[in-house]
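Notes follow the structure.
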Amino acid sequence: MEEAINKEERSLNFLEEIIEEDLKAGKYEQIITRFPPEPNGYLHIGHASSICLNFGLTKKYPGYTNLRFDDTNPVTEETEYVESIKDDIRWLGFEWKHELYASDYFDQLYAFAVALIQKNLAYVDDSSSEEIAAMKGTPTEPGRDSPYRNRPVEENLELFAKMKAGEFADGSRTLRAKIDMAHMNMLMRDPILYRIKHAHHHRTGDKWCIYPMYDFAHGQSDSIENITHSICTLEFVPHRELYDWLIEKLAIYPSHQYEFARRNLNYTVTSKRKLLQLVNEKHVVGWDDPRMPTISGMRRRGYTAEAVREFCDRIGIAKRENTVDIGLLEFFVREHLNRIALRRMVVFDPVKVVITNYTGDEEILTSENNPEDPNGGLRDIPFSNELYIEREDFMENPPKKYFRLAPGQMVRLKSAYIIKCEDVMKDADGKVTELRCTYIPESKSGHDTSGIHVKGTLHWVSLKHAINVEVREYDRLFKVEDPADEEGDFKAYLNPDSLKVVTTAFAEPALKTAKFDERYQFLRKGYFCLDRDSSPSGVIFNRTVGLKDAWAKESKKR
RNA sequence: UGACCCAUGGUGUAACGGUAGCACUACAGAUUUUGGUUCUGUCUGUUAAGGUUCGAAUCCUUAUGGGUCAACCA
């Protein structure tokens, strides 16, 4: 209820404003949007933003969203990508009305081209790619007409049919719109509509050897599907003039294009070409490497769909260039995980603790699964006289405000007892091998009558009950904010410490039954999830994101 | 030396001619059996110069800065 009120109070973005005006004016009864990926790579966080926008709009307003694969370039597109894209959209929590392909419209598009030729608004050009480029002019100089520009309609028709019939070699001819070679907008200087590519298409096979260009496919597909609001990114602004021109000349359903600024995230790259390089050159283990900004990477890392959606929602959309701090994404991930993650204890870098006055063999203690969730229940944790704590939780000569273990100092073991460090054992190199401690029997968690108050609480595991697990700790993939903007190869700026593997961490036994769909908070460490590389013989956890660490900040100041 | 798009704290985004707000970050404090969470408070902003107006972040002009456009890619 409260949430609904908050949402209504949130102001509209510029697209919502346009839609509300359109709806109010009775221009449309419902709106239809589309998400139009090209199946030549995996979806990334930028696409997530577009997905949330397009699908979100038709959740908020009457209408629906189509999934349309923009598959007009057979040489780069593959069915493998189609499947991953569908998985990613579903994982994000959205469902499309129709699954469509631009290639579904190849016959229709061909007919549109013929119609344009008949209206003397398109012609077959025999010029080479280089010649066309040379005649194109520059942003400051007008172009020149092609010598083939004034071919008779009949000849164009015949030539275009022969292009389709496969009588010409790749690149030997194109179909061009006849607009204006002196136009200020370079895209209006007789843009190429069709090119010859004798290539196998992932859906239409070898039926076609001519394929429409983006500008002659996208807007037309929108129109065929009666898309009301065709939303794309800013770099397509100059295309809008051509988009509208083609729809007008073809006299087809007038879809409209609107542009917003793509979201950029710092410390990563989102160009498909660059991501592909990282995968192909094995800088990461694959498209779903947890360090990748891909949706599959974020999913494997343990980000939740809720968190990603909330992020996309809260950063909003606008028309200005922007770079969003990756820390903001992490904030939403923590916010969600804090609510749902089961608390567990795992010691990454152990040092042994012996409780010298613990007379029993062992006992079973309990601890809450999630202090944020009153209905989360409890779990059992075995306690014994031999424990592991984190090596960094002990210091022989602690600085001020160090609340952890030190000679003569006391700390609480989470959900167990208060212990006091009595003696430090070291090896020949001076490395601490064992801490001899005493415990306060009356300080048992939940039944503490000791009256002792300690500042520090540590996580721990019982040595003989602990299970061995592998932990993969991830950090940002790049060490600079904008790798693409730096001098030279962007790969020179990869963060060499983006993955740290701890192969011998010790986990409390409750983690034996860890499940893939559960999220965990390893106390004082961060949020973790089971990696898909896990097997019964080798349990592997990914660090989704660390906890905020005030002590790390405090100690850095010194 | 063109056309088009854009300009609000460190970041992202509101304010639709009438009190510059929200979130994150940073900082300070309270609470805490996670140095987590939660709570309270503080710092920081309308690119500039003119104009219109009783009143301008908002409208106009110019300047400045950033982005896009010369793929048979999308």
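Comparing B:G18 with B:G65, their P atoms sit 32 Å apart, to the nearest whole Å. Remark: the separation of the P atoms in B:U38 and B:A23 is 13 Å, to the nearest Å. On the C1' atoms, B:U33 is 46 Å away from B:U19, given to the nearest whole Å. B:U32 and B:A15 have their C1' atoms separated by 38 Å, given to the nearest Å.
For A:Arg263, the listed nucleotide lying nearest its side chain is B:G12; candidates were B:G12, B:A26, B:U34. Among the nucleotides B:A74, B:G35, B:G12, the one closest to any side-chain atom of A:Val324 is B:G12. In this structure, of B:U34, B:G2, B:U33, it is B:U34 that holds the atom nearest to the side chain of A:Arg343. Listed nucleotides: B:A70, B:G35, B:U25. Nearest to the side chain of A:Met186: B:A70. Listed candidates were B:C69, B:U34, B:G35. Nearest to the side chain of A:Leu547 is B:U34.
Residues passing the ring pair (Phe, Tyr, Trp, His ring centres under 6.0 Å) test with A:Tyr258, sequence neighbours excluded: A:His229.
Looking at heavy-atom distances under 4.0 Å, A:Arg334 makes no contact with the nucleic acid at all. Looking at heavy-atom distances under 4.0 Å, A:Leu187 makes no contact with the nucleic acid at all. Using a 4.0 Å heavy-atom cutoff across all strands shown, A:Gly327 reaches no nucleic acid atom at all. If you check every strand for non-hydrogen atoms under 4.0 Å, A:Leu328 touches sugar and phosphate atoms only. Nucleic acid contact for A:Met345: none, since no nucleic acid atom lies under 4.0 Å from a heavy atom of the residue. Across all strands, A:Glu372 comes closer than 4.0 Å to base atoms (heavy-atom distances).
What separates CG of A:Leu234 from P of B:A74 is a distance of 20 Å, to the nearest Å.
Of the residues in residues 188-198 of chain A, A:Ile192, A:Arg195, A:Lys197 come within less than 4.0 Å of RNA chain B through at least one heavy atom, sorted by number.
Using cut-offs of 30° and 60° on the angle between ring planes, the pair A:Tyr194 and A:Phe160 is perpendicular. The aromatic rings of A:Tyr520 and A:Phe541 sit perpendicular, their planes meeting at an angle over 60°, well past the 30° parallel limit. Ring pair A:Tyr211/A:Phe106 is perpendicular by interplanar angle, where above 60° counts as perpendicular and below 30° as parallel.
Partner of A:Arg176 under the salt bridge (Lys or Arg N to Asp or Glu O under 4.0 Å) criterion, chosen from A:Asp125, A:Asp145, A:Asp126: A:Asp125.
With ring centers used as reference points, A:Phe506 lies under 6.0 Å from A:Tyr388. For A:Phe69 and A:Tyr101, the ring centers sit closer than 6.0 Å to each other. The ring of A:Phe403 has its center no closer than 6.0 angstrom to the ring center of A:Trp551.
With no hydrogens or angles considered, no side-chain donor-acceptor pair links A:Tyr243 and A:Gln257 at under 3.5 Å.
The aromatic ring of A:Trp551 is stacked on the base of B:G35, with the two ring centres less than 5.5 Å apart and the planes inclined by under 30°.
Remark: A:Arg173 qualifies as a cation-pi partner of A:Phe168 under the 6.0 Å distance and 45° angle criteria applied to the six-membered ring.
The shortest distance between the side-chain N/O atoms of A:Ser129 and the OP1/OP2 oxygens of B:C72 is below 4.0 Å.
If you find the closest nucleotide of RNA chain B to A:Thr138 and to A:Thr72, the one lying nearer the 5' end belongs to A:Thr138.
Stems are defined here as 3 or more consecutive Watson-Crick or G-U wobble pairs with pairing distances under 3.5 Å; those involving RNA chain B are B:2-7 with B:64-69, B:10-13 with B:21-24, B:26-30 with B:38-42, B:47-51 with B:59-63.
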